[in-house]
J.: 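One structure follows; several queries about it will come next.
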Number of protein chains: 2
Amino acid sequence: MPVEAKVDIGARSATPPLTERQEARRRRILHASAQLASRGGFDAVQMREVAESSQVALGTLYRYFPSKVHLLVATMQDQLEHMHGTLRKKPPAGETASERVAETLMRAFRALQREPHLADAMVRALTFADRSVSPEVDQVSRQTTAIILDAMGLTDPTSAQLSAVRVIEHTWHSALITWLSGRASIAQVKIDIETVCRLIDLTEPDAKQERKK
Amino acid sequence: MPVEAKVDIGARSATPPLTERQEARRRRILHASAQLASRGGFDAVQMREVAESSQVALGTLYRYFPSKVHLLVATMQDQLEHMHGTLRKKPPAGETASERVAETLMRAFRALQREPHLADAMVRALTFADRSVSPEVDQVSRQTTAIILDAMGLTDPTSAQLSAVRVIEHTWHSALITWLSGRASIAQVKIDIETVCRLIDLTEPDAKQERKK
DNA sequence: ATCAAGTCTGAAACTTGTTCTAGATTAGCG
DNA sequence: CGCTAATCTAGAACAAGTTTCAGACTTGAT
């Protein structure tokens, strides 16, 4: 285990510490949200039902999560953390960085496949989020970046590599959407992921590595 | 086999021909939609307002466009067609295919910048669309593909090239979203587009590689 | 223990997308 | 022209996200 884990994601930056009961409420809400989402996707996550199902008043739900989109993005943060942990346990076996990234993403993809409704709810919320949710969405993006960099085995990426990772994330999100809305097959998603991952190779053999500031 | 399957995109496949007045209504609706969207984005396009503003009853609006998302995706089709025409008039000047595609997309991007609220409404609708809107979304996707292939100067792309184009589209949509929600700067979008466009070079080994040094 | 400030609850109200209904209008046709 | 089916209109009604509010409950500091 890393001795002094860094990161301390800054997500809880301006958040006053929650009491135990508040933490419990928050967990109940997220759990109810994920459960309803697993049933019927975005539409099935109805705020009244989430409130009832987590034994919290509607007003309280809105105090914890100021909108349905906030709630679902928080749910995604939660799931992503979990997934990052899982993925870490079995690091990908590919030879090249691009292979490992593609493998990792496809593994994540298969996990989402197991709960397609949940995936639907989270991804739709993510892309539908407006500016008021930017900090939370950014947090999800950072987490995704961390997963990809992990798979690449990098601690100190060049800016070219960061660009490639950004594009991979774009492709990942958008491919997910096309799959969720039934416009692309799983095979197609796989091809797209593999295609975009080739970008990584373009950043490797290059002799000249710029020094990161 | 289609002889020269040109346009006639099949969008109007099962659509009985509209009378003149109906065509006029449809235009009024799309116009009102674009106008409201230009003002305040997705949220400002309120179905009651669209109806009133296009002098049509609410029920009629819903007969023409079965949901707000359908309406906005149709609005996007409309705008895309227009943009394709515009872009065609001034073909991009780059040497390589990837340069031309990047240039074309950035040009399109600058056009969207001029109406950021409209862009917001259209893109949010596009990514929020569920299965019931798939045909229309697909149509938008085909139109986008056509624009990119046009910029590449290709008439019959290889499957590797089609994959690259798909990934470019993914990146384009997702980058647009991050920009619209204020999480990426225009400069960042430019970098992402240029990065992904390099994929095109990978599909043309015999084309002259530029030696930039 | 007590009090003020902050939090939670339950319920109603408000907003906007969507559906439904009954009657008026229009289009196509003999 | 007159008939019939389809379409259009105005408006009410419904659904789900969001806001509001009065009163009950916690919490933290004295």
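The basis for the numbers below is simple: all heavy atoms, side chains too, and nothing from hydrogens, waters or symmetry mates. Letters A, B, ... mirror the listed sequences (proteins, then strands); counts begin at 1.
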J.: Would you say D/dT7 has OP1 or OP2 under 4.0 Å from some side-chain N or O of B/Y64?
T.: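 Answer no for this pair, as no side-chain N or O of B/Y64 is under 4.0 Å from OP1 or OP2.
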J.: Check every strand shown and say whether A/E52 touches a base, only sugar-phosphate, or nothing at a heavy-atom separation below 4.0 Å.
T.: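 Nothing: the residue A/E52, judged by heavy atoms under 4.0 Å, touches no strand.
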J.: Is B/R48 paired with B/E52 through a side-chain N to carboxylate O contact shorter than 4.0 Å?
T.: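 Not counted as a salt bridge, because no side-chain N and carboxylate O are separated by less than 4.0 Å.
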J.: D/dT9 phosphate, OP1 or OP2: any side-chain N/O from B/T60 under 4.0 angstrom?
T.: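 The answer is yes; a side-chain N or O of B/T60 sits under 4.0 Å from OP1 or OP2.
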J.: Nearest nucleotide by nearest heavy atom, which residue falls closer to the 5' end of DNA chain D, A/G59 or A/V45?
T.: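 By nearest-heavy-atom nucleotide position, the 5'-most residue is A/V45.
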J.: Between D/dG17 atom C1' and A/D43 atom CG, what is the distance in whole Å?
T.: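 So the two atoms are 12 Å apart, to the nearest Å.
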J.: Go nucleotide by nucleotide along DNA chain C from the 5' end; which of B/K68 and A/L58 gets its closest nucleotide reached first?
T.: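 In this pair, the answer is A/L58.
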J.: Will you find, in the side chains of B/E169 and A/S174, an N or O donor that is under 3.5 Å from an N or O acceptor?
T.: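 No, A/S174 and B/E169 have no side-chain donor paired with an acceptor closer than 3.5 Å.
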J.: Considering only side-chain heavy atoms of A/R21, which listed nucleotide, C/dT9, D/dT26, D/dT7, is closest?
T.: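 The answer is D/dT26.
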J.: Would you mind reading off the distance between A/E23 atom CD and C/dT7 atom P, rounded to a whole angstrom?
T.: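 It works out to 15 Å between those atoms.
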J.: Indicate, with a heavy-atom threshold strictly under 4.0 Å, whether B/Q55 touches base, sugar-phosphate, or nothing.
T.: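 Touches sugar-phosphate only.
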J.: Output the single nucleotide from D/dG28, C/dA27, D/dT19 whose closest atom is nearest the side chain of A/T19.
T.: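 The answer is D/dG28, which lies nearest to the side chain.
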J.: For a quick test of reading the model: is some side-chain N or O of A/Q22 closer than 4.0 Å to OP1 or OP2 of D/dT26?
T.: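 Indeed not, no polar side-chain atom of A/Q22 lies that close.
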J.: Give the rounded distance in Å between these two atoms: CZ of A/R48 and P of D/dC14.
T.: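 Rounding to the nearest Å, CZ of A/R48 and P of D/dC14 are 15 Å apart.
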J.: Could you tell me the separation between the CD atom of B/E49 and the C1' atom of C/dT16, rounded to a whole number of Å?
T.: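 Whole-Å distance recorded here is 11 Å.
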J.: Any side-chain N or O of A/R63 below 4.0 angstrom from OP1/OP2 of C/dC8?
T.: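 Yes, within the criterion.
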J.: Side chains of A/R21 and A/T19: do they bring a donor and an acceptor to under 3.5 Å?
T.: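 Absent: no donor and acceptor within the cut-off.
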J.: Decide yes or no on ring-ring contact (aromatic ring centres under 6.0 Å, His included) for A/F128 and B/F42, but give the supporting numbers first.
T.: CA-CA 10 Å; A/F128 193 60; B/F42 189 89; 5.2 Å; yes
J.: Measure CG/B/L72 against C1'/C/dT16 and give the value in whole Å, please.
T.: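 From B/L72 CG to C/dT16 C1': 14 Å.
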J.: Distance check needed: D/dC8 C1' versus B/I29 CD1, whole Å only.
T.: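 My rounded result for the distance is 11 Å.
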J.: Can you tell me if the side-chain N/O atoms of B/R25 get under 4.0 Å from OP1 or OP2 in D/dC8?
T.: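 Result: yes.
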J.: Is it true that A/Q188 and B/R166 share a donor-acceptor pair across their side chains at a distance under 3.5 Å?
T.: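 Yes, side-chain donor-acceptor contact under 3.5 Å.
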J.: Identify which nucleotide among D/dT9, D/dG28, C/dG10 has an atom closest to any side-chain atom of A/A57, counting heavy atoms from C-beta outward.
T.: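 The answer is C/dG10, which lies nearest to the side chain.
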J.: Could you state the atom-to-atom distance from CZ of B/F42 to C1' of C/dT16 in whole Å?
T.: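 Between C1' of C/dT16 and CZ of B/F42: 11 Å.
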J.: Please report the distance, rounded to the nearest Å, between CG in B/L61 and P in C/dT18.
T.: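 So the CG-P distance, B/L61 to C/dT18, works out to 9 Å.
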